[in-house]
> 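Below is one structure. I have some questions about it.
Both ligands and their constituent atoms are indexed starting at 1 by order of listing. The figures that follow rest on heavy atoms only: side chains count, while hydrogens, waters and symmetry mates do not.
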Amino acid sequence: MYHRLWIFLNGCLALISIVYIWLFSPHDNSLVVLAQLLAQLAMLLFIVNINMYFIFLVIRKTSIRKVKIRLAKFSRYFMKWHIPIAVLGTSTIIGHAAINLYAIAPLLGWGHVKLWSGVLAMVTLAVVLFAGWLRHKKASGFRRRFHLTAAMIFLVIFLVHMFIPV
Ligand code: HEM
Ligand code: HEM
């Protein structure tokens, strides 16, 4: 069953991020630690939203009726949280970005990839939100692909940003 692999991958991602942020990137400055905490929270929220893709995928592909009905019910309930999760994640990551631009950017220098990848992730997030809003207003094949593609590109960029060492 694929759902085990899917839960396993989610668990791995959460665990790797926790280990990386809290064991491999320690800081003394409590403001910077707060920025890390905000980033950790936000990335987990974003991953929850990205998981909607896999839930919809299983609903479309499964031939087990019980699974289809259960997941359809679950997703209908859970989608009520999709926009609040996006808004909360975005507010949180704005705090992260503001602190890092203020406290770390002058130390790293403006050419550092950690900063640029962060800015790029922020821009991609704006595209995801815009595409989500379009899709929310009126769904179409293009709008669905646009929101989905933007979300997956955002995932890749923020993971790259996260793992770039300072
Ligand atoms: C203008 C935008 C951004 C800037 C300037 C920025 C800057 C930074 C910096 C300097 C760090 C290293 C902090 C440290 O070592 O304590 C960092 C870490 C991190 N950022 Fe961003 N970031 C931005 C946007 C984002 C976005 C949109 C995400 C999406 C989830 C994100 C996720 C993370 C994560 C998970 C970490 C933790 C990894 C680590 O501790 O090195 N950031 N960011
Ligand atoms: C953090 C930001 C967000 C991420 C990562 C995200 C990610 C996703 C993903 C991966 C899907 C499943 C796509 C599919 O399988 O076709 C989805 C569906 C959707 N998203 Fe988002 N999204 C975000 C924000 C938003 C926002 C702000 C809105 C609306 C204002 C929105 C509206 C929707 C709608 C309407 C669907 C379709 C639900 C359905 O088919 O029943 N999303 N989102």
Side-chain angles (χ1 to χ4, degrees), residues 13-14 16-61 72 75-110 112-166:
L13 196 53
I16 289 172
S17 72
I18 291 169
V19 169
Y20 181 80
I21 296 174
W22 302 110
L23 296 183
F24 288 91
S25 320
H27 286 284
D28 304 328
N29 183 334
S30 56
L31 194 60
V32 176
V33 174
L34 174 65
Q36 280 181 298
L37 179 65
L38 293 175
Q40 169 84 79
L41 264 175
M43 72 152 281
L44 293 177
L45 290 170
F46 293 142
I47 285 174
V48 168
N49 266 4
I50 286 168
N51 264 291
M52 287 318 296
Y53 170 70
F54 299 97
I55 295 177
F56 289 133
L57 184 70
V58 175
I59 292 175
R60 275 198 313 265
K61 297 279 181 204
S75 70
R76 205 172 312 147
Y77 167 77
F78 202 60
M79 275 308 288
K80 291 190 178 42
W81 293 95
H82 191 72
I83 295 174
I85 287 172
V87 171
L88 186 63
T90 305
S91 327
T92 314
I93 213 66
I94 287 174
H96 164 81
I99 293 177
N100 281 322
L101 287 175
Y102 166 77
I104 294 222
L107 300 176
L108 285 185
W110 289 100
H112 201 288
V113 214
K114 189 82 177 182
L115 294 178
W116 284 111
S117 56
V119 172
L120 190 62
M122 205 72 174
V123 172
T124 326
L125 173 61
V127 176
V128 175
L129 295 176
F130 173 65
W133 173 71
L134 279 184
R135 187 181 166 156
H136 183 64
K137 272 207 326 195
K138 187 168 88 60
S140 70
F142 170 76
R143 288 178 180 206
R144 174 173 177 266
R145 276 195 306 279
F146 183 29
H147 187 48
L148 178 60
T149 312
M152 292 307 166
I153 293 175
F154 173 57
L155 172 68
V156 173
I157 294 178
F158 89 61
L159 286 181
V160 169
H161 166 66
M162 177 173 122
F163 285 117
I164 288 171
V166 175

> Is it true that L125 lies under 4.0 Å from ligand 1, counting heavy atoms only?
no
> Which atoms of ligand 2 sit under 4.0 Å from any heavy atom of Y53?
10 (C), 12 (C), 15 (O)
> Checking side-chain contact (heavy atoms from CB on, under 4.5 Å) against T90, which of I94, V87, L88 comes through?
I94
> Quick one, L159 and L13 - any side-chain contact, counting heavy atoms below 4.5 Å?
yes
> Tell me: protein heavy atom nearest atom 5 (C) of ligand 1, and distance?
L101 CD2, 3.6 Å
> By number and element, which atoms of ligand 2 are closer than 4.0 Å to a non-hydrogen atom of R144?
14 (C), 15 (O), 16 (O)
> A side-chain contact here means heavy atoms from C-beta on lying under 4.5 Å apart; do I153 and T149 qualify?
yes
> Heavy-atom pairs closer than 4.0 Å: do any link ligand 2 to the side chain of F56, the backbone, both, or neither?
side chain
> Just verifying a value: how many Å separate T124 OG1 and M152 CE, rounded to the nearest 0.5 Å?
14.0 Å
> Check step by step if side chain to side chain contact (heavy atoms under 4.5 Å, CB included) holds for N49 and W81.
CA-CA 9 Å; N49 266 4; W81 293 95; over 6 Å; no
> Which residues and atoms, protein N, O or S only, are under 2.8 Å from atom 21 (Fe) of ligand 2?
H82 NE2, H147 NE2
> Can you list everything that forms a side-chain contact (heavy atoms from CB on, under 4.5 Å) with H96? Sequence neighbours excluded, please.
A35, L38, A39, I93, N100, H161
> With sequence neighbours left out, what residues match S30 under side-chain contact (heavy atoms from CB on, under 4.5 Å)?
none
> Could you tell me whether F130 atom CZ has more than 12 heavy atoms of other residues or ligands within 6.0 Å of it?
no
> Just wondering, are more than 12 heavy atoms of other shown residues or ligands nearer than 6.0 Å to CZ in R76?
no
> Any idea which atoms of ligand 2 are less than 4.0 Å away from a heavy-atom of F46?
1 (C)
> Among all protein heavy atoms, pick the one closest to atom 38 (C) of ligand 2 and tell me residue, atom and distance.
M79 CE, 3.4 Å
> With heavy atoms of I104 as the reference, note each atom of ligand 1 found under 4.0 Å away.
10 (C)
> Could you check atom 40 (O) of ligand 1 against the protein and tell me its nearest heavy-atom contact, residue, atom and distance included?
Q36 NE2, 3.0 Å
> Do the non-hydrogen side-chain atoms of V33 and N29 ever get within less than 4.5 Å of each other?
no
> Does the plane of the ring in F158 sit parallel, tilted or perpendicular to the ring in F46? Use 30° and 60° as the thresholds.
tilted
> Does the side chain of F78 reach to within under 4.5 Å of the side chain of V48, using non-hydrogen atoms?
yes
> Side chains of H147 and W133, heavy atoms from C-beta outward: is any pair under 4.5 Å?
no
> Return the number of protein N, O or S atoms with a distance to atom 21 (Fe) of ligand 1 smaller than 2.8 Å.
2
> With atoms numbered from 1 as shown, which atoms in ligand 2 lie under 4.0 angstrom from a non-hydrogen atom of L129?
27 (C)
> Is Y20 close enough to touch ligand 1? Criterion: a residue heavy atom under 4.0 Å from a ligand atom.
yes
> For a 4.5 angstrom cut-off between non-hydrogen side-chain atoms, does L101 reach W110?
yes
> Of the protein's non-hydrogen atoms, which lies at the shortest distance from atom 10 (C) of ligand 2, and what is that distance?
I50 O, 3.6 Å
> For atom 16 (O) of ligand 1, what is the closest protein heavy atom, and at what distance to 0.1 Å?
H27 NE2, 2.8 Å
> Can you list the steps and then say if Q40 with W22 is a side-chain hydrogen bond (donor to acceptor under 3.5 Å, both in side chains)?
CA-CA 10 Å; Q40 169 84 79; W22 302 110; 3.0 Å; yes
> Is the shortest N/O to N/O distance between Q40 and ligand 1 below 3.5 Å?
no
> Measure V166 to ligand 1 on non-hydrogen atoms and call it side chain, backbone, both or neither using the 4.0 Å cut-off.
side chain
> Going by the order shown, which atoms of ligand 1 are within less than 4.0 Å of some heavy atom of V32?
16 (O)
> Is there side-chain contact between K114 and I104, with heavy atoms separated by less than 4.5 Å?
no
> Quick check for you: to the nearest 0.5 Å, what is the distance between L155 atom CG and I47 atom CD1?
6.5 Å
